[in-house]
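Let me begin by presenting the structure, written as structure tokens, before commenting on it.
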There are 2 protein chains.
Amino acid sequence: MNDKKRILLVEDDPNFGIILRDFLKMNDYDIVLAKNGMEGFEKFKKYDFHLCILDVMMPYKDGFTLAGEIKEVNQDMPLIFLTAKSLKEDVLKGYKIGADDYLKKPFDSDVLLYKIKAILKRNKLISVLDTGEYEFKFSSFEFNSKLRHLKFKDNKHVKLSPKENMLLKMLILHKNDLMPRELALTRIWRDDNYFTSRSMDVYIAKLRKQLEIDPNVKINNIHGEGFRLVID
Amino acid sequence: MNDKKRILLVEDDPNFGIILRDFLKMNDYDIVLAKNGMEGFEKFKKYDFHLCILDVMMPYKDGFTLAGEIKEVNQDMPLIFLTAKSLKEDVLKGYKIGADDYLKKPFDSDVLLYKIKAILKRNKLISVLDTGEYEFKFSSFEFNSKLRHLKFKDNKHVKLSPKENMLLKMLILHKNDLMPRELALTRIWRDDNYFTSRSMDVYIAKLRKQLEIDPNVKINNIHGEGFRLVID
DNA sequence: CAATTAATTTAACCTATCGTTAACATATGT
DNA sequence: ACATATGTTAACGATAGGTTAAATTAATTG
């Protein structure tokens, strides 16, 4: 049952699709390739997948529409979008539908592999979290997201506000990796505009203050992209 | 002695069923496998289980129907549903019948183990609450929830009102952990609104006054979430 | 069944917490 | 250099919670 992970790949460019499929197969994934949105949805319904990788621009049915249909059936299906150009509008739309990540074409295949691995791992964590797992350890911290307590070594715990709590949790789920701004904004603030964005910056500052006691933990900014919780 | 937990597994796909059964057996559970709803219900009546794992889509009798029959016999039997696609309506239907959790196929075996553990643990808590254990000791207190008596060391006992009593019991059953506001309100006050919520705050204040004699016991608030009985 | 007492709810007032926004400072990419 | 993104602090308004007392309701008792 610890079989290969199954991935649905929907890509209209046949050359690129086949190359990508073979590359992923070589890396021990089970790939089903569909060459448009229609076929993608048919195959989605037919098999069980762990992850879907969708090209955004496709004839007949674009990636977003397909994503909507997929989410209709399975709300928690992890999604990666492949986009030629990354319009801000598109990125937002994607996150609202429930994208887990974005990849701008052309992309480095290793980056894709890394993201696939990260998402599958994260998703597993989240589905465990659903039944109430809520204790995290990182560096010298212990973080209890149910009680909203953050403890450093033997110090007394610090209380976190709901927003601080959610943001830290999201950073941890993406630890050592980019946590996209838009993701946090759409999931935690439920809206992405100038003010929510500034509000998030304020919360990042608050978290930094809580974490500064440990020199091995940092929250880095990736300009225009988001933040990264770095743990040495 | 044999204190393994007994699980009824109903799954129509024989390959998957057997693999899952063996996997769970390896993890120290006693498994009875049934290959359809009919057989599932027969076996359910024949043995005594701690938990049932039901595939939703099965021929003859689907998982929901079987769940209904099981709940008919045992209201409190914990259930986990396995579903290929998690349609929103199905999830809702499942929770209405009394599902404790959901697992979307394909799922990770570790996640299943986690959820089983969490449900069995949670259910133990609930059954303690219902089977009416009533003698509690914590820190230097003795609390009898049947007589509604609270005693500190060798002092004379103090009498508690019915609401004080239920609230304290609920806090103790969640000691050092969050007791959600909502839980106390729906269980004790049978309604969750502004006034019942304020009433509960009043009772928290009363309990705090009763407990303040012992410096090792505290009732902490977790803003927006609930209360926590802390025992050093 | 009226009187009394206990239990609970509601009101009032006050404090703590939380999230947003403004303001100003600094950093980054072009 | 410029526009834009981020860092940081403080102030404010909204809401949740803490506490006490009065009002209401339920239970008990003479």
Side-chain angles (χ1 to χ4, degrees), chain A residues 86 88 91-92 104 145 147-150 157-171 178-212 218-230, chain B residues 145 147-150 157-171 178-185 187-212 218-230:
Chain A
S86 74
K88 167 101 174 166
V91 174
L92 267 185
K104 275 156 267 181
S145 69
L147 300 177
R148 305 205 313 252
H149 285 172
L150 179 63
H157 68 252
V158 173
K159 288 190 263 184
L160 299 179
S161 87
K163 283 256 156 75
E164 290 172 306
N165 188 61
M166 287 189 272
L167 189 56
L168 180 55
K169 192 157 129 188
M170 192 165 273
L171 284 164
L178 171 68
M179 181 206 63
R181 259 192 121 74
E182 287 91 347
L183 181 68
L185 288 173
T186 51
R187 297 269 161 91
I188 300 178
W189 273 264
R190 320 216 138 264
D191 191 16
D192 180 342
N193 60 49
Y194 172 78
F195 294 110
T196 54
S197 192
R198 296 317 330 256
S199 187
M200 175 174 163
D201 290 332
V202 170
Y203 276 91
I204 290 289
K206 290 182 188 196
L207 284 182
R208 285 200 174 111
K209 198 167 276 178
Q210 301 291 355
L211 299 177
E212 73 188 354
K218 283 199 184 45
I219 298 176
N220 290 343
N221 174 253
I222 295 157
H223 198 87
E225 301 285 335
F227 294 93
R228 184 157 63 142
L229 180 72
V230 183
Chain B
S145 69
L147 301 173
R148 308 205 309 258
H149 284 174
L150 179 63
H157 69 253
V158 174
K159 282 183 269 188
L160 299 179
S161 86
K163 286 254 158 77
E164 289 173 305
N165 185 63
M166 286 189 273
L167 189 56
L168 179 55
K169 184 173 172 183
M170 194 166 272
L171 284 164
L178 171 68
M179 182 206 64
R181 261 194 118 74
E182 201 205 16
L183 181 69
L185 288 173
R187 281 265 177 90
I188 300 178
W189 273 263
R190 315 234 143 247
D191 190 16
D192 180 344
N193 61 47
Y194 172 78
F195 293 108
T196 54
S197 193
R198 294 320 326 260
S199 186
M200 175 174 163
D201 290 333
V202 170
Y203 276 91
I204 290 289
K206 291 181 189 204
L207 284 181
R208 284 200 175 113
K209 201 164 274 177
Q210 300 291 355
L211 299 177
E212 73 187 352
K218 277 186 195 50
I219 297 176
N220 289 345
N221 175 253
I222 294 163
H223 199 93
E225 299 288 336
F227 294 92
R228 175 171 175 250
L229 181 71
V230 183

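Residue numbers begin at 1 in each chain, while the letters A, B, ... track the order of the sequences. Please read all numbers here as calculations on a predicted model, not as lab measurements.
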Mind listing the side-chain donor-acceptor pairs of residues 182-189 of chain A below 3.5 Å, one per line with the distance, residues two or more places apart or on another chain?
from: A:T186; atom 1: OG1; to: A:E182; atom 2: O; distance (Å): 2.8
from: A:T186; atom 1: OG1; to: A:L183; atom 2: O; distance (Å): 3.2
from: A:W189; atom 1: NE1; to: A:S199; atom 2: OG; distance (Å): 3.4

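Under the side-chain contact (heavy atoms from CB on, under 4.5 Å) criterion, A:K209 pairs with A:E212, not counting sequence neighbours. The side-chain hydrogen bond (donor to acceptor under 3.5 Å, both in side chains) search around A:R228 returns none, not counting sequence neighbours. Evaluation of the side-chain contact (heavy atoms from CB on, under 4.5 Å) rule for A:L211 yields A:F138, A:F141, A:L150, A:V217, A:I219, A:L229 as partners, not counting sequence neighbours. For B:S145, there are no side-chain hydrogen bond (donor to acceptor under 3.5 Å, both in side chains) partners, not counting sequence neighbours. Evaluation of the side-chain hydrogen bond (donor to acceptor under 3.5 Å, both in side chains) rule for B:R198 yields B:D201 as partners, not counting sequence neighbours. Applying the side-chain hydrogen bond (donor to acceptor under 3.5 Å, both in side chains) criterion to A:D191, with sequence neighbours excluded, gives A:N193.
For the pair A:N193 and A:R148, both in contact range of DNA chain C, the more 5′-proximal nearest nucleotide belongs to A:R148. Positionally, the nearest nucleotide of DNA chain C for A:K163 lies more toward the 5' end than for the other of A:Y194 and A:K163.
Taking atom CG on B:L185 and atom P on C:dT8, their separation rounds to 15 Å, with Å as the unit. Protein atom CD of A:E182 is 9 Å distant from nucleotide atom P of D:dT6, rounded to whole Å. Atom pair B:K206:NZ and C:dT8:C1' shows a separation of 7 Å (rounding to whole Å applied). In this entry the distance linking CG of A:N165 with P of C:dG19 reads 10 Å, nearest Å. Atom CZ in A:R190 sits roughly 14 Å away from atom P in C:dG19 (whole-Å rounding). One atom, CE of A:M200, and another, P of D:dA5, lie 14 Å apart when rounded to the nearest Å. At whole-Å resolution of the value, CD in A:E212 and C1' in D:dT8 are 12 Å apart.
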* **Protein proximity profile, nucleotides 13-28 of chain D - base contact B, sugar-phosphate-only contact S, no contact -, cut-off 4.0 Å on heavy atoms** => ---SBBBB--------

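With C:dC18, C:dA7, C:dT10 as the candidates, the nucleotide lying closest to the side chain of B:P162 is C:dA7.
In this structure a side-chain-to-backbone donor-acceptor pair under 3.5 Å is missing from A:N220 to A:F227. Under a 3.5 Å cut-off, the side chain of A:R148 and the backbone N or O of B:H223 do form a donor-acceptor pair.
An OP1 or OP2 oxygen of C:dG19 is reached within less than 4.0 angstrom by no side-chain nitrogen or oxygen of A:W189.
Each end of the helix from C:dC1-D:dG30 to C:dT30-D:dA1 gets its own axis, taken as the rotation carrying the C1' atoms of four end pairs onto the next four within a five-pair window, and the two axes meet at 30° to the nearest 10 degrees.
Looking at heavy-atom distances under 4.0 Å, A:S161 makes contact with sugar-phosphate atoms alone, never a base.
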